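Order of the sequence lines fixes the chain letters, A, B, ..., with proteins taken first and strands second; residue numbering starts at 1 for each chain. In this text the structure is predicted, and so the values were computed from the model without any measurement.
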Amino acid sequence: MFELEQQQLETQIKAYCVARDLPLKDISWSWIPFSGNWGISVSFFQLTADDARAKGLKINVAARAQEIAQSIAEAMILPDGFDRIEAVRGYLNIYFSTRAFSKRVIDAVLTERDRFGQGESKHQKVMVEFSQPNTHKAFHVGHLRNVILGNSVCNILEKAGNEVIRANYLGDIGLHVIKWMWCYLKYHRGEEPSGDITRWMGDLYAEATRRHEDETEAEAEIRDLFGRWDHRDPEITALWERTRQWSLDGFADIYSTLGVKFDHLYFESEVEDSGKEIVDELVSKGIAVDERPVNAVAVKLDDLCGTNEKYRVLVVLRSDGTSLYATKDLSLAIKKFEQFHLDRSIYVIDVRQSLYMQQIFKTLELMGYPWTKNCYHLAYEIVNLPGNVTMSSRDGTVVFLQDLLNEATARALAIVEEKNPDLDSGTKQSIAHKVALGALKYSMLSRDNTKIVTFDWEAALDFNGQAAPYIQYAGVRANSILRKAENGIPTALAVNYDLTPVEIELVEMISRVPKEIQRAATECKPLYISNLAYDLAKAFNDFYRQCPVLQADPQVRDFRLRISAASRQAIVNCLSLLGIETPEVM
RNA sequence: GCCCUCAUGGCUCAAUGGAUAGAGCACCGGUCUUCUAAACCGAUGGUUGCAGGUUCGAGUCCUGCUGGGGGCGCCA
């Protein structure tokens, strides 16, 4: 937000170093800790160490760095908007004029509103593939992390200045679908789903799995059915189309509940034929070897790359000629780039598929596609139960989304009833929904992608502490002040009082939003945003407690009203990047 | 056997290679006649799994070890 001033400072520091033959590399600014003031900081340790090495001197780096910092501090001419400069323990700390800079930050937020934090266009078209559910199966909290993470990454990339295409890739065919249809035809023919469609589909799939294991004739019958599917038997095709649609309707309900939208849907069934053509191409190019009927068609990546036990072998077609996940994924990757002329393609898929994704990318590279380097597997860890137990429908340990949401919403509703009994029931319901969903999303986004999320009912339903409701509540408190301001939010005005430390802290947090969005986008880490949102809420709560707004002197009150409005906006924008809504009241 | 990943207070997690490792939960003690107490304040609790190395500086990077999780030719 203060790039220009920062550049002026850098120019001076560079000139100083050049004049004294000091080997300055890049200047990396950071925030000043512990100061209670607002500013930026740069250290001179690296420079000092490099200098000593170049000149062959043995010196005390810390002391020498302090000398340099001190000397620069004395020589520096501060640009407008800076108050003070000092050298501390090898760091050069430059303090902003809090009045000038806080005005600028607050004005920027209240001018840009929802767009605050929006980065300039990077002219990059990015496709993010996420969710990838299988039709005819259940949807539980294990699948939730993917949707919530993928959606948030899309929001963040978009806000950072990318053009984002949200893609879903549905597993609408394969053995699991055939097994489902076998069970349906044999035991549930003519039935239709009711209520929670996805739950109903999932239950039938669980039954199919059980019967497949228990019934001796099942295996042969299922294989027979797979054959009929392969030959496009009209009855089977019709049944597939109808039941597949049930799942799609069920998913649509779930995405709608979660507030997630997709720009483009891909289906496994649509890339099956083209995938087989890719396999032919791989074989003719000598990349894949066809060892049928003894073995399958495979790409022996280690042989091709000269590596040992690294890329292993990617099987691209079964020995009976039927397609595999890889068959279709190769085709899909190509289709994406050809159809949309992407600059980047991101796959949000859990970490267990890391090797597989590397194999796909490597195979595409061997095929000569130059865009392969722009494919990225965004790997995230799975959601487990306490004791590191993986959810399993077989063991009946899965937690269903609807059950969780119902329970969370009920608890949130009880709290709203207690806090705000006068609200009408529709509003209460809406608040409870936003709070419950927010808590759930936040708990999955406030952990690093590489960390396993342990799902715990009590923790998931705990709305206190570092959780979404805390942040939402800060936004609500800000709103409450604004609602009571008789003349609305004052227009831009100069600051003519000394800001208190908590106000400075709050404004600093707000000012960090744009940079944190860029950082989160670069690393695909919503965690940075969830941390910032919490810090913002915490800073606002400090402000709320220590700084009266409506009761303050007019000139103080007016600027604090603007701080309150900007705080709410910053909180709303951050939560929105996480896919979380901020209620007006709670 | 090979590869990936994780290890930070009792528990769950943060921390651009940088200044004094921060929160939340739990536990203990306080705060509503003042903008919503879903809040706030205070206390307790750490040789960042172990051993080396790189660096002016390591929770962070490298190597090895220990322990947990995951993956490794016809599941997705």
If each of A:Gly171 and A:Val313 is mapped to the nucleotide of RNA chain B with the nearest heavy atom, which maps nearer the 5' terminus, i.e. the 5' end? A:Val313

Name the nucleic acid region contacted by A:Ile382, choosing base, sugar-phosphate or nothing; use a 4.0 angstrom heavy-atom cut-off, strictly under.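 Nothing, no nucleic acid heavy atom in range.
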
Is A:Ser41 side chain donor-acceptor paired with the B:rA19 base, going by distance under 3.5 Å alone?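 Present.
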
Choosing from [options], which nucleotide comes nearest the side chain of [X]?
| X | options | result |
| --- | --- | --- |
| A:Leu550 | B:rC13, B:rC35, B:rC74 | B:rC35 |
| A:Arg318 | B:rA15, B:rA37, B:rC75 | B:rC75 |
| A:Asn93 | B:rA39, B:rG70, B:rA19 | B:rA19 |

Secondary-structure stems, RNA chain B, at least 3 Watson-Crick or G-U base pairs under 3.5 Å: B:1-7 with B:66-72, B:10-13 with B:22-25, B:28-31 with B:39-42, B:49-53 with B:61-65

Is it true that A:Thr427 and A:Asp424 share a donor-acceptor pair across their side chains at a distance under 3.5 Å?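 There is such a pair between these side chains.
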
Are OP1 or OP2 of [N] and a side-chain N or O of [X] less than 4.0 angstrom apart?
| X | N | value |
| --- | --- | --- |
| A:Arg545 | B:rU31 | no |
| A:Thr450 | B:rC6 | yes |
| A:Arg352 | B:rG69 | no |
| A:Asn134 | B:rA76 | no |
| A:Lys310 | B:rC4 | no |
| A:Tyr356 | B:rC4 | no |
| A:Asn464 | B:rA39 | yes |
| A:Lys538 | B:rG24 | yes |

Can B:rC32 be described as syn, meaning its chi torsion is within 90° of 0, or is it anti?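 What B:rC32 shows is a syn base, its glycosidic angle lying within 90° of 0.
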
When you check the glycosidic angle of B:rG73, does it come out syn, meaning within 90° of 0, or anti? syn

Nearest heavy-atom pair of A:Cys524 and A:Asn449: which atoms, and what distance? O-ND2, 3.0 Å

Close N or O pairs between protein and nucleotides 53-56 of chain B (under 3.5 Å):
| unit_1 | atom_1 | unit_2 | atom_2 | d |
| --- | --- | --- | --- | --- |
| B:rU55 | O3' | A:Arg53 | NH2 | 3.4 |
| B:rC56 | OP1 | A:Arg53 | NH2 | 2.3 |
| B:rC56 | N4 | A:Gln46 | OE1 | 3.0 |

